Amino acid sequence: MRILKVIGLALVGSALAMGSAQAQKKWETVKIATEGAYAPWNFSGPGGKLDGFEVELANDLCRRMGVKCEVVAQDWDGIIPALQAGKYDAIMAGMNVTPKRMEAIQFSRVYAASPHGFGVLKSSPLAKLAGTGEVYHLERDAAQAQTTIDAWKPLLKGKTIGVQGSTVNSAFIEKHFKGVAEIREYKTTEQHDLDLAAGRLDAIFAGHSALAATAEKPEFKDMTIAGAGVSGDVLGAGVAVGLRKGDTELKAMFDKAINEAIADGGLAKLTAKWFTVKMTPQT
Amino acid sequence: MDFAFMGQAFMTLIAGIPLTLQLAFSSVALGAVLALVLAAMRQSGILPLDWFARGYVFVFRGTPLLVQVFLIYYGLGQFRPTLQEWGLWTFFREPYWCALTALTLNTAAYASEIIRGGLQSVPHGQVEAARACGMPRGLLFRRIVFPIAVRQALPGYSNEIILMVKATSLASIITMMEVTGLAHKLISQTFRAIEVFVVAGAIYLLLNFAVTRIVMAVEHWLSPHLRPPPTPIATPPEAAHV
Amino acid sequence: MQPLGFFEIMGFGPRGWGAAMLLAALMTVGVSVCGFLAGAVIGTGVAAMKLSRSRIARVVADTYTTVLRGVPDLLVIYLFYFGGSLALSAVGRWFGADGFIGLPAFATGAIAIGVVSGAYQAEVLRGAYQALSRGELEAARAVGMSRGLMFRRIVAPQVLRYAIPGLGNVWQLVLKESALISVTGLVELLRQSQIGSGSTRQPFTFFLTAAALYLVITTVSTYAFQWAETRSMRGVRRA
């Protein structure tokens, strides 16, 4: 038995040694996951062909990093576990930087930021939620933000709010409207859009960028953004590339590429192409 | 594997058991009623009824349950104005009722075939003997056909109940917070997919173990004449019910 | 922009999803066939273990079928999806490979289906083996057939004959289970319908079409299995 143990240890040891010897891996191809159901950030066409702001941005960043890029689709609620399981190397899926996610993964620098808010049907009494057109930061404009949220509460009392599960949006709604309204969690934003239109939901809470894109579609012309936009706190510090904690080199590469894209206007051009709201973060 | 964490996960997930069981048993019970009707239609000898039942079974057994769930939940959402006119929207508005409808319609198709098999297994001689004694049809069904058919159908039905307990996990996809739904939520908070899914799997295994035991007890209770067997009766191996 | 009608959406024009849906249906068939074959291999092994004289083998095989039949297939697929590449990477590290080894969605799906359907196929095959006539096996032994020859000439052909109806049922199950593979991102029929309904906001149209395509596939395969059954029973005298 002793001999077996020794051999076992030796094997583990050599495997570890080989592992560390090859740790300085040269990145030639980077596999990037996106959700493919969050227009205009990322969405799928017929045959599952991925398109959208982040798909184009991913290709642009890979070009700047001098690597080959492969963008794959992954369901949202498994997107972080699958990154950790090594299904791909990076996430670009409208994912906001939050302390909670930082416990599990690391992020590049922020490449986009947009406020979040409610989407309702125009005919709904909720269309008159306070602060429409305004944007408050939950930490910097704490007082105004709190007044606005307090003003929303009586209107939303007993209503049903839809959010996508495992998102900053669901975190925000849980924090402020748990016990006030019924909260339903969906797999994708497309699904809660359908349920808002079908009348199963009184309101949805999502990124303004996505809400605006949905409201532009002819089938959703009776949907509108209601109430002030909010950002910060549990809503996160902006959208960035999600990476495994160990991959420091890859993080440096993404940071550099995003900074370049901001500096030469490449990012602004993509943002202008895909979004109707201003998205580029301050440098 | 972090066993302390799995213990916590277990405590979180058992909160979903009531909903899981509620969905499973309501759908099995409602499905059984519908299945009886369908089986009766098949046996009735009236062609349109027979065809309807055949078509029903064909469609519901030939398509994945997940597609049926999506069709009933999101698909019907497309027809809200019409459903509202008919006063059905309050029903289809709720994900719970949609999930229950899909599960019930689905299990009824499978169960009707199990019941039909049970009815057909009643030996013709026994029915003839009962008729010869002058039993009226109602009594014949109650005393002869029904008990034999139920005993025959029970093993198949126990499989069906297990399949339904498993099938309730699909309700998580339309926002229901049963065991699988809670598992997803927990994963989104902890990002530990494998541990949580292992715990969830263990819960379903326990539930199904309990179901199997209960059905076995019922079977034992229903077949006093078969125990204790004077000589072991060679029963043909149970083909897997799928 | 007018919302499109059914035939425009499901057609083959520039804005039509017809070709994509058919391709996805092919993917469904492909992943099901691979999963079914993987399940046949696993099922044969497990059935052999169930019938073996070794107590350990029987216990292992029984545990396998009990667990796999008691846990929702959705969870099994999730476990394979997340656990599969972690396990592979761990194995890979033993051989000095660095980093993560990913499994493509198709392989993950096919293996997950194989593992689940293997449990069902094992039961079917075991039942079929037990339906063999003892006399024939004894006769084969009596004429001095080796075990391999006996398996090839006597056991395998008859087990297959008796198993065809049961395997047909498992195949139908596999086909429907392949819909769950959509959660791993493989663009099969259900995934395609979800993409389509998200993009066109016409869920009913897409899921109804998907249901119809599933029905076509199941109907065709029912006939195929019936044909196989009749053909395999040519030599059997009917009572």
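Order of the sequence lines sets the chain letters (A, B, ...), proteins ahead of strands, with each chain counted from 1. No experiment lies behind these values; they were computed from the predicted model shown.
Within a 6.0 Å sphere centred on CZ of C:Arg58, other residues, nucleotides and ligands contribute more than 12 heavy atoms.
Neither the backbone nor the side chain of C:Gln121 comes within contact range of chain B, judged by heavy atoms closer than 4.5 Å. No part of C:Leu125 comes within reach of chain B, as not one of its non-hydrogen atoms sits under 4.5 angstrom from that chain.
Note that NZ of C:Lys176 is 7.5 Å distant from CG of B:Asn106, once rounded to the nearest 0.5 Å. Between C:Leu189 atom CG and B:Thr63 atom OG1 the span is 11.0 Å, to the nearest 0.5 Å. A distance of 4.0 Å separates CD in C:Gln194 from CZ in B:Phe70, rounded to the nearest 0.5 Å.
Using cut-offs of 30° and 60° on the angle between ring planes, the pair B:His184 and C:Tyr78 is perpendicular.
For the options C:Ala210, C:Ala212, C:Ser197, C:Pro203, heavy-atom pairs under 4.5 Å to chain B are most numerous at C:Pro203. Across C:Thr222, C:Val76, C:Leu190, C:Leu180, the residue that shares the most heavy-atom pairs under 4.5 angstrom with chain B is C:Leu190. Among the candidates B:Ala183, B:Pro64, B:Gly62, the residue making the largest number of heavy-atom pairs closer than 4.5 Å to chain C is B:Pro64. Note on B:Val67, B:Leu71, B:Val59: by heavy-atom pairs under 4.5 Å with chain C, the leading option is B:Leu71.
The closest donor-acceptor contact from the side chain of B:Lys166 to the backbone of C:Leu74 lies at 3.5 Å or more, if one exists at all.
Among all heavy-atom pairs drawn from B:Leu66 and C:Ser182, the shortest one is CD2-OG, 4.4 Å. Of all heavy-atom pairs between C:Leu215 and B:Phe58, the closest is CD2-O, 3.6 Å. Across every non-hydrogen atom of C:Arg69 and B:Asn159, the tightest pair is NH2-OD1, 3.7 Å.
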- Task: Mind running side chain to side chain contact (heavy atoms under 4.5 Å, CB included) on B:Phe209 and C:Thr66 for me, showing each step along the way?
- Result: CA-CA 9 Å; B:Phe209 181 74; C:Thr66 315; over 6 Å; no
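In this structure, the side chains of B:Gln78 and C:Thr205 come closer than 4.5 Å at one or more pairs of heavy atoms.
Taking the centre of each ring, C:Phe204 and B:Phe79 come in below the 6.0 Å mark.
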